Amino acid sequence: MTEPHHQPDPSAEPPAQPETVGATSPQPVSRKRSQVRWVIAGAAVLVLLLCFGGCGVLLATTNGEESPDQGKAAPTAASQSRPSTSAPASAAASTTAPATTPPPAPVYDTPTKGDFKLKVKTLRKQCFGSAGCNITYRIDVTYTGDGLDPSVTYEVTYEVKGAEDPIINTFEVTGDSASVQQEETASTKRSGDKLTAVVTDVTEL
């Protein structure tokens with residue numbers, strides 16, 4: 001017997017088509033998700049790079065702007081501190097200046113023969129009637145100037161008048177003191193004659 005051939009039912013759906021559609025549908029979804037992840041990761045890296053780069057530029061700009069000001073501020077502080085240290089120094093100098101000023105040097109005279117006044121002081125006198133007298137005397141010295149240098153000695157020459165013979169002698173003067181002979185003698189022609197003395201020369205020794 002010949003088996004009758006069964007013709008497929010055109011209304012029935014083929015069984016293999018649903019399995020093929022279900023196997024291929026997840027692949028496009030997974031690709032799209034991986035691309036989105038890479039895009040998000042790249043954007044995050046770009047944002048970080050931009051942030052760090054902007055901060056670096058900002059710090060560099062800030063440092064570049066502040067460094068000249070800091071360099072200028074140092075001399076200003078130094079210049080402000082200088083007047084405070086110089087003022088006490090000038091005050092100390094003005095205070096100690098009078099102490100270091102030496103006293104003025106004294107001024108002494110250069111004596112001349114007219115600055116000395118001599119007086120003959122009679123110590124003893126022996127007369128022989130009208131024939132004359134023997135007189136013992138001393139010269140008293142008076143200086144009429146302002147002052148003599150105590151480190152300089154002057155020799156004063158004087159002449160005694162009124163005696164029978166002229167008498168010439170000397171004495172020394174140093175500062176305020178005069179070195180004269182304590183006693184000198186002279187003879188007069190008459191008992192009424194008086195002895196006088198005058199300076200004839202002054203010499204620095």
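Quick caveat, the model's predicted, so the values are computed rather than measured. Position 1 is the first residue of the sequence, and the numbers go up from there.
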Exercise. Is there a chain of hydrophobic side chains (I, L, V, M, F, W, Y, each step under 4.5 Å between heavy atoms) that links Val198 to Val202?
Worked result: no
For this session: Check whether any side-chain heavy atom of Leu205 lies under 4.5 Å from a side-chain heavy atom of Glu172, and answer yes or no.
Result: yes
Exercise. How close do Arg124 and Glu183 get, heavy atom to heavy atom, and via which atoms?
Worked result: NH2-OE1, 3.1 Å
For this session: Check side chain to side chain contact (heavy atoms under 4.5 Å, CB included) between Ser187 and all other residues, then give those that pass, not counting sequence neighbours.
Result: Asn134, Glu164
Problem set entry | Residue pairs fulfilling ring pair (Phe, Tyr, Trp, His ring centres under 6.0 Å) with at least one residue in residues 148-204, sequence neighbours excluded | Tyr158-Phe171
For this session: Kindly state each residue pair satisfying ring pair (Phe, Tyr, Trp, His ring centres under 6.0 Å) with at least one member in residues 175-201, sequence neighbours excluded.
Result: none
Problem set entry | Val141 and Phe116, any side-chain heavy atoms less than 4.5 Å apart | yes
For this session: Quick one: closest heavy-atom pair of Lys125 and Ser191, and the distance?
Result: NZ-O, 3.3 Å
Problem set entry | No-hydrogen, no-angle side-chain donor-acceptor test under 3.5 Å, Thr142 and Asp140 | no
Problem set entry | Minimum side-chain heavy-atom gap Cys133-Gln126 below 4.5 Å | no
Exercise. How about Lys117 and Thr144: do any of their side-chain heavy atoms sit closer than 4.5 Å?
Worked result: yes
Exercise. So Asn169 and Gln181, side-chain contact (heavy atoms from CB on, under 4.5 Å) or not? Walk me through it.
Worked result: CA-CA 9 Å; Asn169 205 349; Gln181 293 183 1; 3.4 Å; yes
Exercise. Which atom pair, heavy atoms only, marks the closest approach of Arg138 to Leu123?
Worked result: NH1-CD2, 3.8 Å
Problem set entry | 4.5 Å side-chain heavy-atom contact, Ile139 and Lys119 | no
For this session: Walk me through it: do Thr185 and Thr136 pass the test side-chain hydrogen bond (donor to acceptor under 3.5 Å, both in side chains)?
Result: CA-CA 4 Å; Thr185 59; Thr136 302; over 6 Å; no
Problem set entry | Student check: side-chain heavy atoms of Asp176 and Leu148 closer than 4.5 Å | no
Exercise. How would you list, by chain and number, every residue that makes a side chain to side chain contact (heavy atoms under 4.5 Å, CB included) with Thr170, sequence neighbours excluded?
Worked result: Glu155, Thr157
All N/O donor-acceptor pairs, side-chain side in residues 105-112, below 3.5 Å, sequence neighbours left out:
unit_1: Asp109; atom_1: OD2; unit_2: Tyr143; atom_2: OH; d: 3.2
unit_1: Asp109; atom_1: OD2; unit_2: Asp146; atom_2: N; d: 2.6
unit_1: Asp109; atom_1: OD2; unit_2: Gly147; atom_2: N; d: 3.2
unit_1: Thr112; atom_1: OG1; unit_2: Asp115; atom_2: OD2; d: 3.3

Problem set entry | Heavy-atom side-chain proximity of Thr188 to Leu195 below 4.5 angstrom | yes
Problem set entry | Pairing residues for Thr196 by the side chain to side chain contact (heavy atoms under 4.5 Å, CB included) criterion, not counting sequence neighbours | Lys161
Problem set entry | For Ala178 against Val173, the heavy-atom pair lying closest together | CB-CG2, 4.0 Å
